[in-house]
Amino acid sequence: MYKKEELILKVENIYLSYDKPILRDVNFEVHNITRPNLKQGQVVSLVGRSGIGKTQLFKILAGLQEPKSGTVRIGKDLHPVEAGEVGIVPQNYILFNHRTIVENLKLGLRGSVNKMSEKEKTELINDYANKFGLKEHLKKYPMQLSGGQRQRVSIIQQILTGNKFILLDEPFSGLDPVIKDKVLELLVSISQLDELNTLVIVSHDIENALAISDTAFILANEEHKEGSTITESIDLIEMGLSWDPEIKHNKHFQDLVAQMKFRM
Ligand SMILES: Nc1ncnc2c1ncn2[C@@H]1O[C@H](COP(=O)(O)OP(=O)(O)OP(=O)(O)O)[C@@H](O)[C@H]1O
Ligand SMILES: [Mg+2]
């Protein structure tokens, strides 16, 4: 049982070119999905091959880059996106190496400075660190953590900003399979912390992206046309392939992934 309620993200006719077209006619929507007695957030992925324009689209969605034309509108009032109002975990995310993990996480709370006392901030960070297996690392520096641990700190930092929308560029790259699964678990739990939490994942790793998504869009080229666009929309809920922690073992899911790899 679920319902697709109001629109919370609407991307219309995005066009971007440099010396040649990169993205064209990119259109998609995200609705608030509700399920009885659950805080069900949204997880949407945009998947495509390397060089297809995912990072460019990521920047446009985050309000960090102006497209040549087209609009990105977010929130219940569908206002034009502004830089800073969506959390971002970039492809080459940065933590501050001269600050400890707890200090890095506090940066996420910067925007809430007036609303929270130091004590409240520390409590909230401890709470998240406990939940996501980073408790024993809080006093360390980023260089003393593994790549996967740093990745999780960077994701949690964005959650702490309080932004409902979080965009992630290749969140699974460079991680071994076990750590990848931890990142997947973390993203699922984030999506269930708040009804309006919405994760938009940009990735070439179709298996992992689809494993936690309710909706996926394939970004690819069409024959004889320059610039990539959305060539396929996949409603994983309708297909009965969403919200299942064991989905990677499901035969239908594996078939879908195999098919889509072929089409991207
Ligand atoms: N500033 C720029 N000037 C000209 N071309 C650019 C610029 N930035 C990106 N491009 C081109 O845009 C295209 C898309 O790049 P983008 O980084 O979005 O790909 P991607 O899908 O994220 O690839 P990957 O999976 O490797 O990260 C590439 O062909 C790239 O060369
Ligand atoms: Mg990229």
Side-chain angles (χ1 to χ4, degrees), residues 9 11-28 30 43-72 74 81-84 86-95 147-148 150-155 157-158 163 165-177 179-180 183-184 186-187 198-213 215-234 256-264:
L9 175 70
V11 177
E12 273 181 307
N13 298 323
I14 297 296
Y15 177 74
L16 177 77
S17 66
Y18 291 108
D19 37 333
K20 59 185 173 70
I22 306 284
L23 298 166
R24 62 166 180 88
D25 309 313
V26 175
N27 288 286
F28 68 92
V30 177
V43 184
V44 175
S45 12
L46 290 154
V47 290
R49 280 185 285 112
S50 181
I52 205 78
K54 300 182 299 296
T55 297
Q56 295 296 311
L57 184 55
F58 170 91
K59 288 182 182 165
I60 291 169
L61 296 176
L64 297 173
Q65 176 163 310
E66 284 271 329
K68 285 268 159 78
S69 58
T71 52
V72 176
I74 72 165
V81 69
E82 276 173 36
V86 292
I88 52 164
V89 182
Q91 194 159 7
N92 299 306
Y93 58 91
I94 6 158
L95 295 173
R150 284 201 293 269
Q151 171 76 316
R152 277 179 287 151
V153 171
S154 152
I155 293 170
Q157 191 187 52
Q158 294 304 312
N163 290 325
F165 282 87
I166 300 187
L167 273 164
L168 303 108
D169 193 357
E170 300 293 355
F172 320 115
S173 67
L175 306 177
D176 72 44
I179 304 293
K180 250 182 227 181
V183 170
L184 289 177
L186 170 63
L187 295 177
T198 303
L199 304 179
V200 179
I201 299 169
V202 163
S203 179
H204 57 247
D205 185 337
I206 188 163
E207 186 192 13
N208 285 297
L210 262 55
I212 56 167
S213 294
T215 313
F217 300 105
I218 306 281
L219 200 61
N221 288 120
E222 287 177 331
E223 242 182 299
H224 310 304
K225 286 187 186 173
E226 276 199 304
S228 54
T229 193
I230 290 171
T231 53
E232 205 115 25
S233 304
I234 308 168
L256 175 71
V257 169
Q259 254 179 40
M260 289 303 152
K261 269 185 188 164
F262 193 66
R263 292 197 220 160
M264 69 185 236

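When a ligand or atom number is given, it counts from 1 through the structure's own listing order. If you're wondering where the values come from, they're calculated on a predicted model, not measured in any experiment.
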Identify, for [atom], the protein heavy atom at the shortest distance, and state residue, atom and that distance.
atom                    : value
atom 30 (C) of ligand 1 : Ile22 CD1, 4.9 Å
atom 25 (O) of ligand 1 : Lys54 NZ, 2.7 Å
atom 5 (N) of ligand 1  : Tyr18 CD1, 3.2 Å
atom 17 (O) of ligand 1 : Thr55 CB, 3.6 Å
atom 9 (C) of ligand 1  : Gln56 NE2, 3.2 Å

query = Backbone or side chain, does Gln56 get an N/O/S atom under 2.8 Å to the Mg ion (ligand 2)?
reply = no
query = Quick check: does Thr55 put an N/O/S atom under 2.8 Å from the Mg ion (ligand 2)?
reply =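 Under 2.8 Å: Thr55 contacts the Mg ion (ligand 2) through an N, O or S atom.
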Side-chain touch Leu46/Lys54, heavy atoms, less than 4.5 angstrom = no
query = Taking the side chain as C-beta and beyond, is there a heavy-atom pair between Leu61 and Val200 under 4.5 Å?
reply = yes
Which atoms of ligand 1 have any heavy atom of [X] under 4.0 Å away?
X     : result
Arg49 : 21 (O)
Gln91 : 27 (O)
Gly53 : 14 (C), 16 (P), 18 (O), 19 (O), 20 (P), 21 (O)
Ile52 : 19 (O), 21 (O)

So, does [X] use its side chain to make a donor-acceptor pair with the main chain of [Y] at under 3.5 Å?
X      : Y      : value
Lys59  : Leu64  : no
Arg49  : His204 : no
Ser228 : Ile52  : yes
Gln158 : Ile88  : yes
Thr229 : Arg24  : yes
Ser203 : Asp205 : yes

task = Compare Gly51, Ser228, Ser173 and give the one whose heavy atom is closest to atom 29 (O) of ligand 1.
result = Gly51
task = From the options Ser50, Pro21, Ser17, select the one whose nearest heavy atom is closest to atom 26 (O) of ligand 1.
result = Ser50
query = Between Asp25 and Asn13, does any side-chain donor sit less than 3.5 Å from a side-chain acceptor?
reply = no
key: Residue part near ligand 1, for Glu170, under 4.0 Å between non-hydrogen atoms   =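 The side chain, only.
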inquiry  = Other residues, nucleotides and ligands only: do more than 12 of their heavy atoms fall within 6.0 Å of NZ on Lys180?
reply    =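 Yes - once you tally the heavy atoms of other residues, nucleotides and ligands closer than 6.0 Å, there are more than 12.
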ask   = Does ligand 1 have an atom under 4.0 Å from some heavy atom of Gly48?
value = no
